[in-house]
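Worksheet: one structure, shown below.
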Amino acid sequence: MFLRLNARLLAPLLCALALVGCAPLYVVHPARTPALNLNGPPPDIVIFSMSGRCAPPCLAPRDNWDYLGSRGTLDRLADVFTAAGYRAQVSGYASNAAATFSSEYIGGPQRGYEALHSDFARVAATWMKLARPPRLVLLGHSQGSVWLHHLSRVNPEVPVALQVDLDGICVAWKSDFGAGIRALEGKYGSEPSPLHACDAFSVAGRTVGVKDIVWPNVARGLEVQSKRLPARPGLSGGWPVNYLFELTPNVRLDGSRGGIERFVSSREDHSAISYPNSDALAWVAGRAAAIAREWRVEDARQDRTKLGR
(Lines give C-alpha, C1' and ligand atoms only; values in the text may rest on other atoms or scores of the structure.)
Protein backbone atom coordinates (compact mmCIF):
# COMPACT_ATOMS: atom_id res chain seq x y z
CA MET A 1 0.00 0.00 0.00
CA PHE A 2 2.80 2.44 0.94
CA LEU A 3 4.68 1.69 -2.29
CA ARG A 4 1.51 2.07 -4.35
CA LEU A 5 0.78 5.43 -2.66
CA ASN A 6 4.30 6.68 -3.23
CA ALA A 7 4.16 5.65 -6.87
CA ARG A 8 0.85 7.46 -7.21
CA LEU A 9 2.34 10.65 -5.74
CA LEU A 10 5.56 10.29 -7.70
CA ALA A 11 3.96 9.91 -11.14
CA PRO A 12 2.79 13.56 -11.50
CA LEU A 13 6.18 14.80 -10.30
CA LEU A 14 8.04 12.67 -12.85
CA CYS A 15 5.70 13.88 -15.61
CA ALA A 16 6.32 17.51 -14.61
CA LEU A 17 10.09 16.98 -14.63
CA ALA A 18 9.88 15.34 -18.05
CA LEU A 19 7.92 18.29 -19.42
CA VAL A 20 10.46 20.74 -17.99
CA GLY A 21 13.27 18.72 -19.52
CA CYS A 22 11.62 18.93 -22.93
CA ALA A 23 10.83 22.66 -22.70
CA PRO A 24 13.11 25.08 -24.57
CA LEU A 25 15.76 26.75 -22.48
CA TYR A 26 15.21 29.97 -24.44
CA VAL A 27 11.79 31.18 -25.56
CA VAL A 28 12.25 33.49 -28.54
CA HIS A 29 9.81 36.35 -29.10
CA PRO A 30 9.66 38.24 -32.40
CA ALA A 31 10.53 41.93 -32.46
CA ARG A 32 7.61 44.34 -32.37
CA THR A 33 9.07 46.51 -35.17
CA PRO A 34 8.12 45.36 -38.71
CA ALA A 35 10.43 42.63 -39.98
CA LEU A 36 12.65 43.05 -43.01
CA ASN A 37 10.51 42.46 -46.10
CA LEU A 38 12.65 42.32 -49.22
CA ASN A 39 9.59 41.80 -51.41
CA GLY A 40 7.93 45.05 -50.40
CA PRO A 41 8.74 48.76 -50.67
CA PRO A 42 11.93 49.90 -48.92
CA PRO A 43 11.69 51.47 -45.45
CA ASP A 44 13.71 54.52 -44.43
CA ILE A 45 15.86 52.54 -41.97
CA VAL A 46 16.96 48.91 -41.95
CA ILE A 47 18.48 47.58 -38.72
CA PHE A 48 20.46 44.35 -38.79
CA SER A 49 21.27 42.97 -35.34
CA MET A 50 23.48 40.07 -34.28
CA SER A 51 23.34 38.59 -30.79
CA GLY A 52 26.32 36.98 -29.09
CA ARG A 53 27.24 33.85 -27.17
CA CYS A 54 24.61 32.29 -24.95
CA ALA A 55 25.35 31.78 -21.26
CA PRO A 56 25.64 28.40 -19.49
CA PRO A 57 23.99 25.92 -19.28
CA CYS A 58 23.67 26.32 -23.05
CA LEU A 59 26.26 24.94 -25.44
CA ALA A 60 27.57 27.58 -27.86
CA PRO A 61 27.29 27.96 -30.79
CA ARG A 62 24.65 25.22 -31.06
CA ASP A 63 22.28 27.00 -28.65
CA ASN A 64 23.00 30.64 -29.54
CA TRP A 65 19.85 32.64 -30.16
CA ASP A 66 18.56 36.05 -31.22
CA TYR A 67 18.15 37.57 -27.76
CA LEU A 68 18.55 41.20 -28.92
CA GLY A 69 15.34 40.85 -30.91
CA SER A 70 13.58 38.69 -28.33
CA ARG A 71 14.21 40.83 -25.25
CA GLY A 72 13.27 44.12 -26.94
CA THR A 73 16.72 45.65 -27.38
CA LEU A 74 16.33 45.81 -31.15
CA ASP A 75 12.94 47.48 -30.73
CA ARG A 76 14.44 50.03 -28.31
CA LEU A 77 16.82 51.21 -31.02
CA ALA A 78 14.18 51.08 -33.77
CA ASP A 79 11.81 53.19 -31.63
CA VAL A 80 14.33 56.04 -31.75
CA PHE A 81 14.04 56.23 -35.52
CA THR A 82 10.27 55.77 -35.70
CA ALA A 83 9.91 58.57 -33.13
CA ALA A 84 11.91 60.76 -35.54
CA GLY A 85 9.36 60.02 -38.28
CA TYR A 86 11.25 57.27 -40.10
CA ARG A 87 9.82 53.93 -41.21
CA ALA A 88 12.00 51.13 -39.90
CA GLN A 89 12.35 47.41 -40.54
CA VAL A 90 14.52 45.04 -38.52
CA SER A 91 16.17 41.66 -38.86
CA GLY A 92 17.87 39.79 -36.02
CA TYR A 93 20.37 36.94 -36.19
CA ALA A 94 22.13 34.56 -33.81
CA SER A 95 25.88 34.06 -33.50
CA ASN A 96 26.53 31.07 -35.74
CA ALA A 97 28.17 30.60 -39.14
CA ALA A 98 25.24 28.65 -40.60
CA ALA A 99 22.32 30.19 -42.48
CA THR A 100 19.83 28.41 -40.22
CA PHE A 101 20.20 26.13 -37.23
CA SER A 102 18.22 24.90 -34.24
CA SER A 103 18.56 22.93 -31.04
CA GLU A 104 16.19 21.44 -28.49
CA TYR A 105 16.97 24.36 -26.16
CA ILE A 106 15.83 27.13 -28.52
CA GLY A 107 12.15 27.90 -29.09
CA GLY A 108 12.28 27.88 -32.89
CA PRO A 109 14.90 27.87 -35.67
CA GLN A 110 17.56 30.57 -35.64
CA ARG A 111 19.29 32.42 -38.48
CA GLY A 112 23.05 32.91 -38.46
CA TYR A 113 25.75 34.81 -40.35
CA GLU A 114 25.19 33.16 -43.72
CA ALA A 115 21.55 34.35 -43.64
CA LEU A 116 22.70 37.85 -42.62
CA HIS A 117 25.30 37.87 -45.40
CA SER A 118 22.62 36.88 -47.93
CA ASP A 119 20.00 39.40 -46.72
CA PHE A 120 22.56 42.20 -46.66
CA ALA A 121 23.63 41.33 -50.23
CA ARG A 122 20.01 41.45 -51.42
CA VAL A 123 19.43 44.84 -49.80
CA ALA A 124 22.68 46.10 -51.38
CA ALA A 125 21.67 44.85 -54.85
CA THR A 126 18.15 46.31 -54.74
CA TRP A 127 17.20 49.03 -52.28
CA MET A 128 20.68 50.52 -52.03
CA LYS A 129 20.60 51.23 -55.78
CA LEU A 130 17.61 53.58 -55.43
CA ALA A 131 17.85 57.37 -55.67
CA ARG A 132 17.13 57.57 -51.95
CA PRO A 133 18.20 54.26 -50.40
CA PRO A 134 17.38 53.29 -46.83
CA ARG A 135 19.93 54.01 -44.13
CA LEU A 136 21.52 50.83 -42.80
CA VAL A 137 22.12 50.40 -39.07
CA LEU A 138 24.09 47.55 -37.45
CA LEU A 139 23.55 46.54 -33.81
CA GLY A 140 25.72 43.85 -32.22
CA HIS A 141 26.49 42.49 -28.77
CA SER A 142 29.61 40.52 -27.77
CA GLN A 143 30.51 38.07 -30.58
CA GLY A 144 27.65 39.60 -32.58
CA SER A 145 29.61 42.84 -32.89
CA VAL A 146 32.52 40.89 -34.35
CA TRP A 147 30.31 39.36 -37.05
CA LEU A 148 28.96 42.81 -37.95
CA HIS A 149 32.40 44.45 -38.16
CA HIS A 150 33.38 41.66 -40.51
CA LEU A 151 30.19 42.24 -42.55
CA SER A 152 30.98 45.94 -43.03
CA ARG A 153 34.60 45.09 -43.90
CA VAL A 154 33.68 42.67 -46.71
CA ASN A 155 31.05 45.04 -48.15
CA PRO A 156 33.14 48.22 -48.61
CA GLU A 157 30.85 49.53 -51.36
CA VAL A 158 27.74 49.45 -49.14
CA PRO A 159 27.30 52.56 -46.96
CA VAL A 160 26.38 51.91 -43.33
CA ALA A 161 24.87 54.94 -41.63
CA LEU A 162 25.39 53.77 -38.04
CA GLN A 163 27.08 50.86 -36.28
CA VAL A 164 26.36 50.16 -32.61
CA ASP A 165 28.70 47.88 -30.63
CA LEU A 166 27.79 46.53 -27.21
CA ASP A 167 31.00 45.11 -25.72
CA GLY A 168 32.42 43.44 -28.83
CA ILE A 169 34.35 40.34 -27.65
CA CYS A 170 36.42 37.71 -29.47
CA VAL A 171 36.52 35.11 -26.68
CA ALA A 172 36.24 31.55 -28.09
CA TRP A 173 35.87 32.84 -31.66
CA LYS A 174 37.83 30.15 -33.53
CA SER A 175 36.85 27.31 -31.20
CA ASP A 176 33.16 28.22 -31.51
CA PHE A 177 32.99 28.95 -35.23
CA GLY A 178 36.05 27.39 -36.89
CA ALA A 179 34.31 24.23 -38.10
CA GLY A 180 31.18 26.07 -39.26
CA ILE A 181 33.14 28.72 -41.15
CA ARG A 182 35.39 26.18 -42.85
CA ALA A 183 32.28 24.32 -44.03
CA LEU A 184 31.16 27.48 -45.85
CA GLU A 185 34.53 28.72 -47.17
CA GLY A 186 33.56 28.18 -50.83
CA LYS A 187 30.73 30.70 -50.50
CA TYR A 188 32.93 33.67 -49.59
CA GLY A 189 34.91 33.84 -52.85
CA SER A 190 37.86 36.23 -52.62
CA GLU A 191 36.58 38.18 -49.61
CA PRO A 192 38.30 37.71 -46.23
CA SER A 193 37.00 34.76 -44.26
CA PRO A 194 35.11 35.31 -40.98
CA LEU A 195 37.67 32.96 -39.48
CA HIS A 196 40.03 35.99 -39.43
CA ALA A 197 37.50 38.44 -37.96
CA CYS A 198 39.46 38.51 -34.70
CA ASP A 199 42.95 38.73 -36.18
CA ALA A 200 45.38 41.56 -35.51
CA PHE A 201 45.52 44.45 -37.98
CA SER A 202 48.03 47.28 -38.41
CA VAL A 203 46.46 50.71 -37.97
CA ALA A 204 48.59 53.85 -38.15
CA GLY A 205 51.69 52.07 -36.91
CA ARG A 206 50.06 50.09 -34.12
CA THR A 207 48.30 46.76 -33.89
CA VAL A 208 44.57 46.52 -33.14
CA GLY A 209 41.99 43.79 -33.55
CA VAL A 210 40.01 43.68 -36.78
CA LYS A 211 36.86 43.83 -34.64
CA ASP A 212 37.93 47.24 -33.29
CA ILE A 213 38.09 48.90 -36.71
CA VAL A 214 35.22 51.07 -37.93
CA TRP A 215 35.61 50.66 -41.67
CA PRO A 216 35.46 53.61 -44.10
CA ASN A 217 31.96 52.74 -45.36
CA VAL A 218 30.55 53.17 -41.82
CA ALA A 219 29.60 56.81 -41.25
CA ARG A 220 29.02 56.77 -37.48
CA GLY A 221 29.94 54.41 -34.67
CA LEU A 222 28.56 54.13 -31.13
CA GLU A 223 30.48 51.84 -28.79
CA VAL A 224 29.46 50.69 -25.32
CA GLN A 225 31.86 48.93 -22.99
CA SER A 226 30.79 47.28 -19.74
CA LYS A 227 32.17 48.07 -16.27
CA ARG A 228 35.74 47.29 -15.27
CA LEU A 229 35.37 47.70 -11.47
CA PRO A 230 32.89 46.11 -9.03
CA ALA A 231 29.69 48.14 -8.74
CA ARG A 232 26.10 47.67 -7.64
CA PRO A 233 24.05 46.58 -10.70
CA GLY A 234 21.50 48.88 -12.27
CA LEU A 235 17.95 48.16 -13.46
CA SER A 236 19.15 45.75 -16.12
CA GLY A 237 20.50 43.35 -13.48
CA GLY A 238 23.73 41.43 -13.77
CA TRP A 239 26.50 40.83 -11.23
CA PRO A 240 28.39 43.25 -8.97
CA VAL A 241 31.69 41.96 -10.44
CA ASN A 242 31.99 41.84 -14.21
CA TYR A 243 33.18 38.57 -15.72
CA LEU A 244 34.08 39.81 -19.22
CA PHE A 245 34.61 43.24 -20.72
CA GLU A 246 36.06 45.07 -23.70
CA LEU A 247 38.91 47.53 -23.18
CA THR A 248 40.09 48.58 -26.65
CA PRO A 249 38.30 51.61 -28.15
CA ASN A 250 37.21 51.45 -31.77
CA VAL A 251 39.35 53.32 -34.32
CA ARG A 252 39.46 54.28 -37.98
CA LEU A 253 42.03 52.95 -40.42
CA ASP A 254 44.05 56.16 -40.06
CA GLY A 255 44.16 55.77 -36.28
CA SER A 256 41.62 58.55 -35.65
CA ARG A 257 38.23 58.23 -33.97
CA GLY A 258 36.29 60.41 -36.38
CA GLY A 259 32.55 59.81 -36.12
CA ILE A 260 33.03 57.36 -33.23
CA GLU A 261 31.67 57.84 -29.71
CA ARG A 262 32.22 55.60 -26.69
CA PHE A 263 30.41 55.06 -23.39
CA VAL A 264 31.68 52.94 -20.47
CA SER A 265 28.73 51.69 -18.43
CA SER A 266 29.97 51.86 -14.84
CA ARG A 267 27.11 49.81 -13.30
CA GLU A 268 26.55 47.07 -15.88
CA ASP A 269 28.28 43.80 -16.68
CA HIS A 270 28.82 42.22 -20.10
CA SER A 271 25.31 40.76 -20.25
CA ALA A 272 23.40 43.60 -18.58
CA ILE A 273 24.36 46.20 -21.21
CA SER A 274 22.39 44.22 -23.81
CA TYR A 275 18.99 44.77 -22.14
CA PRO A 276 16.61 47.51 -23.33
CA ASN A 277 16.33 49.07 -19.85
CA SER A 278 20.09 49.34 -19.38
CA ASP A 279 22.14 52.50 -18.90
CA ALA A 280 23.97 51.41 -22.05
CA LEU A 281 20.83 51.43 -24.21
CA ALA A 282 19.70 54.71 -22.68
CA TRP A 283 22.98 56.24 -23.87
CA VAL A 284 22.72 54.58 -27.29
CA ALA A 285 19.13 55.76 -27.68
CA GLY A 286 20.05 59.31 -26.75
CA ARG A 287 22.94 59.47 -29.19
CA ALA A 288 20.94 57.74 -31.93
CA ALA A 289 18.15 60.30 -31.45
CA ALA A 290 20.65 63.12 -31.97
CA ILE A 291 21.97 61.38 -35.09
CA ALA A 292 18.42 60.93 -36.39
CA ARG A 293 17.86 64.68 -36.00
CA GLU A 294 20.98 65.27 -38.11
CA TRP A 295 19.58 62.91 -40.73
CA ARG A 296 16.34 64.90 -40.78
CA VAL A 297 18.28 68.07 -41.51
CA GLU A 298 20.21 66.31 -44.30
CA ASP A 299 16.98 64.97 -45.81
CA ALA A 300 15.33 68.40 -45.73
CA ARG A 301 18.38 69.92 -47.42
CA GLN A 302 18.25 67.28 -50.16
CA ASP A 303 14.54 67.89 -50.68
CA ARG A 304 15.10 71.64 -50.99
CA THR A 305 17.89 71.01 -53.52
CA LYS A 306 15.62 68.83 -55.64
CA LEU A 307 12.83 71.43 -55.55
CA GLY A 308 15.33 74.11 -56.56
CA ARG A 309 16.10 72.18 -59.70
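This structure is a prediction, so every number in the text was calculated from the model and none was measured.
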Common cluster, [X]/[Y], ILVMFWY with side-chain heavy-atom separation under 4.5 Å:
| X | Y | answer |
| --- | --- | --- |
| Val90 | Tyr67 | yes |
| Ile213 | Met50 | no |
| Phe120 | Leu36 | yes |
| Val218 | Ile260 | yes |
| Leu136 | Leu130 | yes |

Please answer whether the main-chain N or O of [Y] pairs with a side-chain N or O of [X] as donor and acceptor at a distance below 3.5 Å.
| X | Y | result |
| --- | --- | --- |
| Ser145 | Asp165 | no |
| Glu246 | Ser226 | no |
| Asp212 | Asn250 | no |
| Asp44 | Arg87 | yes |
| Ser278 | Leu281 | yes |
| Ser95 | Arg53 | no |
| Tyr86 | Arg296 | yes |
| Glu268 | Asp279 | yes |
| Ser142 | Gly144 | no |

Worked verdict on His117 versus Lys187 for side chain to side chain contact (heavy atoms under 4.5 Å, CB included): CA-CA 10 Å; His117 190 275; Lys187 293 193 174 184; over 6 Å; no

Might you point out which heavy atoms bring [X] and [Y] nearest each other, and give the distance in Å?
| X | Y | answer |
| --- | --- | --- |
| Leu139 | Leu148 | O-CD1, 3.2 Å |
| Ala97 | Leu184 | O-CD1, 3.2 Å |
| Trp173 | Pro194 | NE1-O, 3.0 Å |
| Asp176 | Ala60 | OD1-O, 4.0 Å |
| Pro240 | Pro233 | N-CG, 3.9 Å |
| Ser271 | Tyr275 | O-CD1, 3.6 Å |

Should [X] and [Y] count as side-chain neighbours, where that means a heavy-atom distance under 4.5 Å?
| X | Y | result |
| --- | --- | --- |
| Leu222 | Phe263 | no |
| Leu38 | Val123 | yes |
| Arg262 | Arg257 | yes |
| Asp167 | Val224 | no |
| Ser102 | Gln110 | no |
| Asn217 | Ser152 | yes |
| Leu74 | Ile47 | yes |
| Pro109 | Phe101 | no |

Interatomic distance, [X] atom [atom1] to [Y] atom [atom2] [nearest 0.5 angstrom]:
| X | Y | atom1 | atom2 | value |
| --- | --- | --- | --- | --- |
| Leu151 | Gln163 | CG | CD | 8.5 Å |
| Arg32 | Asp79 | CZ | CG | 4.5 Å |
| Glu223 | Thr248 | CD | OG1 | 8.5 Å |
| Ser265 | Arg228 | OG | CZ | 10.0 Å |
| Ile169 | Gln225 | CD1 | CD | 8.5 Å |
| Asp63 | Ser103 | CG | OG | 3.5 Å |

Could you check whether [Y] and [X] have their ring centres less than 6.0 Å apart?
| X | Y | answer |
| --- | --- | --- |
| Phe48 | Trp147 | no |
| His270 | His141 | yes |
| Trp239 | Tyr243 | no |
| Trp295 | Phe81 | yes |
| Tyr113 | Tyr93 | no |

Could you check whether [X] pairs with [Y] (Lys NZ or Arg NE/NH1/NH2 to Asp/Glu carboxylate O, under 4.0 Å)?
| X | Y | value |
| --- | --- | --- |
| Glu261 | Arg220 | yes |
| Glu298 | Arg293 | no |
| Lys227 | Asp269 | no |
| Glu104 | Arg62 | no |

Evaluation steps, side chain to side chain contact (heavy atoms under 4.5 Å, CB included), between Ser51 and Asn64: CA-CA 8 Å; Ser51 299; Asn64 287 343; over 6 Å; no

Residues that Arg252 engages under side-chain hydrogen bond (donor to acceptor under 3.5 Å, both in side chains), provided they are two or more places apart: none

Pair His150-Val146, side chain to side chain contact (heavy atoms under 4.5 Å, CB included): steps then yes or no: CA-CA 6 Å; His150 179 76; Val146 180; 5.8 Å; no

Going by distance alone, is a donor N or O of one side chain under 3.5 Å from an acceptor N or O of the other, for [X] and [Y]?
| X | Y | value |
| --- | --- | --- |
| Ser236 | Asn277 | no |
| Thr33 | Asp75 | yes |
| Ser274 | Arg71 | yes |

Residues Ser256, Val251; criterion side chain to side chain contact (heavy atoms under 4.5 Å, CB included); working and verdict: CA-CA 6 Å; Ser256 74; Val251 295; over 6 Å; no

Disulfide bond (SG atoms under 2.5 Å apart) pairs, two or more places apart, involving residues 73-141: none

Listed once per pair and sorted, the disulfide bond (SG atoms under 2.5 Å apart) pairs that draw on residues 216-280, sequence neighbours left out: none

Aromatic ring pairing Trp215/Phe201, orientation class (parallel under 30°, perpendicular over 60°, tilted between): perpendicular

Test applied, side chain to side chain donor-acceptor pair (under 3.5 Å); reference residue, Arg111; option that passes from Asp66, Thr100, Asp119, Asn96: Asp119

